[in-house]
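Ligands are counted one by one from 1 in listed order, and the atoms in each one are counted from 1 as well.
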Amino acid sequence: MKNTQVILSARPQGMVKSSDFDIQTNPLEEVKEGELLIEIEYISLDPAMRGWMNEGTTYIKGVELGAVMRAFSAGKILESKNRDYKVGEYVSGLLGAQTYAVSNGQGLSRCDIEKGPLSWHLGILGMPGMTAFFGLKERGQPQAGETVFVSGAAGIVGSTVGQIAKVLGCKVVGTAGSDAKCRFLLEECGFDAAINYKTEDVDQKLKEYCPEGVSVFYDNVGGPLLDTVLANLARGARVVICGAISQYNQASFYGPKNYMKIVSARGILTGIIVFDFIKEYPRAVDQLSEWLNAGKMKTKEQIIDGIEQFPVALQKLFTGDNFGKLLIRV
Ligand SMILES: NC(=O)c1ccc[n+]([C@@H]2O[C@H](COP(=O)([O-])OP(=O)(O)OC[C@H]3O[C@@H](n4cnc5c(N)ncnc54)[C@H](OP(=O)(O)O)[C@@H]3O)[C@@H](O)[C@H]2O)c1
């Protein structure tokens, strides 16, 4: 059996390029005692991959040049020499951008496909959904009646954050990069208002939609947009820094100029790394699947066929050409 693998071949300078990857077909490694073989069905494209392509360590070590690109993937167990896992079970985890993975079972999650299709276990029921759930609830601590503002709102994290906040009784406003994405937020996700940050004046619209100020700001974008929202905080606001996608391809990060607004708002500026909540994932999966199955939440996916599309697909995250959770179907 052969394994098609996406190999990191160069460290990107600026925007990620197709030439940063090689697609190789290699012999499949042998499954040893304690290991299992997984046939991968979906590979997730995540903004964090841009940081993983850099040298050095942040919250996780960068991928080595010549190694299989790190990726969350999901698939079916074809062979098991590990007594904790049975052939035919569905699992997900950091299994890499490849068609087959051999794992010792550590760090894998079982995917209960009665709770949602396998692809959802890389999206709303997977790492991005967990980020939204714990980032908003544990760090943002939204209270019913408060105003929650979400940047990158049409993405899988942002759209999940906004919908959870609606279920919790908040007013929700978000930014996205196209009119179609803003319509999706209003018509499908139940947002109270949506701002196209590419064509509208965010500060002016924010003041119009949130005259009471923002009590929870869930930031996926960073850069000047973060400054705009910092200038419009309500007293006691919580600012959750989840990501800064506007900065990932920049040589140096834009630092917030308006951070003193945290002082005048008596606010809290906090960060979230989803992996810190790993032991609590099952309760979030149960809650999100209950809300999805009850029609209280929706999720949108964009699925691209063929592992060889991986390099082109990854770029879409940074140009905004993705609409919904971006996945490769292997
Ligand atoms: N801290 C954690 O543990 C954790 C875990 C998962 C994800 N994250 C972070 O969560 C954020 C969202 O991730 P996701 O998986 O939900 O991705 P996503 O939002 O589904 O896709 C990325 C989106 O970012 C927007 N974007 C790209 N460049 C931008 C720019 N220069 N300015 C403003 N928006 C830009 C684009 O939408 P538009 O069309 O709206 O521009 C694009 O569709 C990322 O920052 C990611 O790093 C953090």
For the residue pair [Y] / [X], report whether a side-chain donor-acceptor contact shorter than 3.5 Å exists.
X: N220; Y: S151; value: no
X: N104; Y: N82; value: no
X: N3; Y: Q98; value: yes

Determine whether any heavy atom of [X] lies closer than 4.0 Å to an atom of ligand 1.
X: F275; answer: no
X: A176; answer: yes
X: A154; answer: no

Is there any N or O on [X] that sits under 3.5 Å from an N or O of ligand 1?
X: K198; result: no
X: V274; result: yes
X: S246; result: no
X: G324; result: no

To check your reading of the model: name the closest protein heavy atom to [atom], its residue, and the distance in Å.
atom: atom 21 (O) of ligand 1; answer: N322 ND2, 3.3 Å
atom: atom 5 (C) of ligand 1; answer: T131 OG1, 3.2 Å
atom: atom 17 (O) of ligand 1; answer: P47 CG, 3.4 Å
atom: atom 7 (C) of ligand 1; answer: V157 CG2, 3.9 Å
atom: atom 18 (P) of ligand 1; answer: G155 CA, 3.7 Å
atom: atom 26 (N) of ligand 1; answer: I245 CG2, 3.6 Å
atom: atom 10 (O) of ligand 1; answer: N220 OD1, 3.3 Å
atom: atom 23 (C) of ligand 1; answer: L317 O, 3.7 Å

For ligand 1, note which part of [X] has a heavy atom under 4.0 Å away: side chain, backbone, both or neither.
X: F318; value: backbone
X: I156; value: both
X: M127; value: side chain
X: K325; value: neither

Any salt bridge between [X] and [Y], counting N to O under 4.0 Å?
X: D286; Y: K115; answer: yes
X: D20; Y: K17; answer: yes
X: K325; Y: D46; answer: yes
X: R283; Y: E138; answer: yes

From the options Y197, Y248, F323, select the one whose nearest heavy atom is closest to atom 47 (O) of ligand 1. Y248
In terms of its nearest heavy atom to atom 48 (C) of ligand 1, the top option of A244, C242, G126 is C242
Contact atoms of ligand 1, heavy-atom distance to [X] under 4.0 Å:
X: K181; answer: 37 (O), 38 (P), 39 (O), 43 (O)
X: G320; answer: 36 (C), 39 (O), 42 (C), 43 (O)
X: I272; answer: 1 (N), 2 (C), 3 (O)
X: G243; answer: 45 (O)
X: I273; answer: 3 (O)
X: V221; answer: 32 (N), 33 (C), 34 (N)

Please find the pair of heavy atoms, one from [X] and one from [Y], that lie closest to each other, and give the distance.
X: L95; Y: S73; result: CD1-O, 3.7 Å
X: P311; Y: S18; result: CB-CA, 3.7 Å
X: D22; Y: S9; result: N-OG, 3.8 Å
X: F253; Y: A244; result: CE2-CB, 4.0 Å
X: K207; Y: N232; result: NZ-OD1, 3.2 Å

Aromatic rings Y59 and F275: how do their planes relate, parallel, tilted or perpendicular, breaks at 30° and 60°? tilted
Carefully, step by step, assess K298 and S159 under the rule side chain to side chain donor-acceptor pair (under 3.5 Å). CA-CA 9 Å; K298 289 189 177 158; S159 60; over 6 Å; no
Return yes when atom OH of Y259 has more than 12 non-hydrogen atoms of other residues, nucleotides or ligands closer than 6.0 Å, and no otherwise. no
A side-chain contact here means heavy atoms from C-beta on lying under 4.5 Å apart; do V285 and D112 qualify? no
